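What follows is one structure encoded as structure tokens, with my remarks underneath.
If you're wondering where the values come from, they're calculated on a predicted model, not measured in any experiment.
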Amino acid sequence: MAKKLNFVGVPVYMNGRNYYIPSLSKRQYQENAERLASPIPEGTPDAQVLSRFDDIILMAIQRNYPDVTAAELDEWLDLNTTRLAIQALTGASGLETVSGTVEGE
């Protein structure tokens with residue numbers, strides 16, 4: 001039987017399965033609003049862009065999967081899945097439109 005998710009999220013395929021990334025909590029969003037809203041300068045290396053969101057992605061994922069660690073995400077995320085996770089997170093948080101949200105797995 002599949003585990004019921006705590007929060008509606010957008011699926012991102014990592015580590016052989018879909019992880020449903022929800023929006024941030026109100027508190028999490030408020031604490032990270034400046035970083036989420038500030039533009040990324042043109043020409044910023046991908047590694048810097050991606051690492052800017054590591055802890056925010058982890059916070060969101062842990063809302064549905066509290067046992068996921070930063071070390072695990074470092075192994076699971078690559079350029080593609082990090083971009084998908086950022087899109088899922090920002091869309092789910094209302095920063096842009098996202099379709100295909102799923103209530104559970």
Side-chain angles (χ1 to χ4, degrees):
M1 178 187 250
K3 174 189 179 261
K4 181 151 173 66
L5 299 176
N6 294 322
F7 303 96
V8 173
V10 177
V12 175
Y13 191 79
M14 300 179 292
N15 192 40
R17 64 180 273 206
N18 278 325
Y19 286 81
Y20 291 86
I21 301 178
S23 63
L24 297 172
S25 70
K26 181 179 174 184
R27 178 191 54 78
Q28 290 170 330
Y29 180 81
Q30 288 172 334
E31 290 174 357
N32 294 283
E34 184 177 320
R35 188 165 29 145
L36 287 165
S38 63
I40 297 168
E42 187 72 31
T44 302
D46 282 345
Q48 287 180 10
V49 173
L50 300 179
S51 65
R52 174 180 177 173
F53 296 100
D54 286 350
D55 59 330
I56 296 173
I57 293 169
L58 180 63
M59 275 188 265
I61 288 176
Q62 285 179 333
R63 295 189 76 210
N64 279 332
Y65 310 95
D67 296 335
V68 171
T69 67
E72 287 172 324
L73 269 187
D74 282 346
E75 291 296 321
W76 300 348
L77 293 174
D78 55 28
L79 290 175
N80 185 48
T81 54
T82 299
R83 289 181 197 283
L84 292 171
I86 292 168
Q87 290 172 347
L89 167 66
T90 57
S93 294
L95 298 174
E96 64 184 47
T97 302
V98 170
S99 62
T101 56
V102 178
E103 192 167 325
E105 36 179 311

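Between Phe53 and Thr82, the closest side-chain pair of non-hydrogen atoms is not below 4.5 Å. Within the 4.5 Å cutoff, no side-chain heavy atoms of Tyr20 are placed close to those of Phe7. The side-chain heavy atoms of Gln87 and Val12, taken from C-beta on, include no pair separated by under 4.5 Å.
The minimum heavy-atom distance between Leu89 and Pro22, with the atom names listed, is CD1-O, 3.9 Å. Residues Thr81 and Trp76 come closest through the heavy atom pair OG1-O, 3.6 Å. Ile57 and Ile86 get closest at one heavy-atom pair: CD1-CG1, 3.9 Å.
For Gln28, the side chain to side chain contact (heavy atoms under 4.5 Å, CB included) test picks out Leu24, Ser25, Met59, Arg63, with sequence neighbours left out. In this structure Arg52 satisfies the salt bridge (charged side-chain N to carboxylate O under 4.0 Å, His left out) test with no other residue, sequence neighbours excluded. Considering only residues two or more places apart in sequence or on other chains, Asn80 meets the side chain to side chain contact (heavy atoms under 4.5 Å, CB included) condition with Asp78, Leu84.
Within the structure, salt bridge (charged side-chain N to carboxylate O under 4.0 Å, His left out) pairs that include any residue of residues 24-40 comprise Arg27-Glu31, Arg35-Asp55 (at least two apart or interchain).
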side-chain contact (heavy atoms from CB on, under 4.5 Å) between Ile61 and Glu72, worked out: CA-CA 12 Å; Ile61 288 176; Glu72 287 172 324; over 6 Å; no
Tyr19 vs Asn64, side-chain contact (heavy atoms from CB on, under 4.5 Å): CA-CA, chis, key distance, verdict: CA-CA 8 Å; Tyr19 286 81; Asn64 279 332; over 6 Å; no
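Atom OH in Tyr65 sits 13.5 Å away from atom CG in Leu58 (nearest 0.5 Å).
Panel note: side chain Tyr13, backbone Gly16; a donor-acceptor pair is recorded below 3.5 Å.
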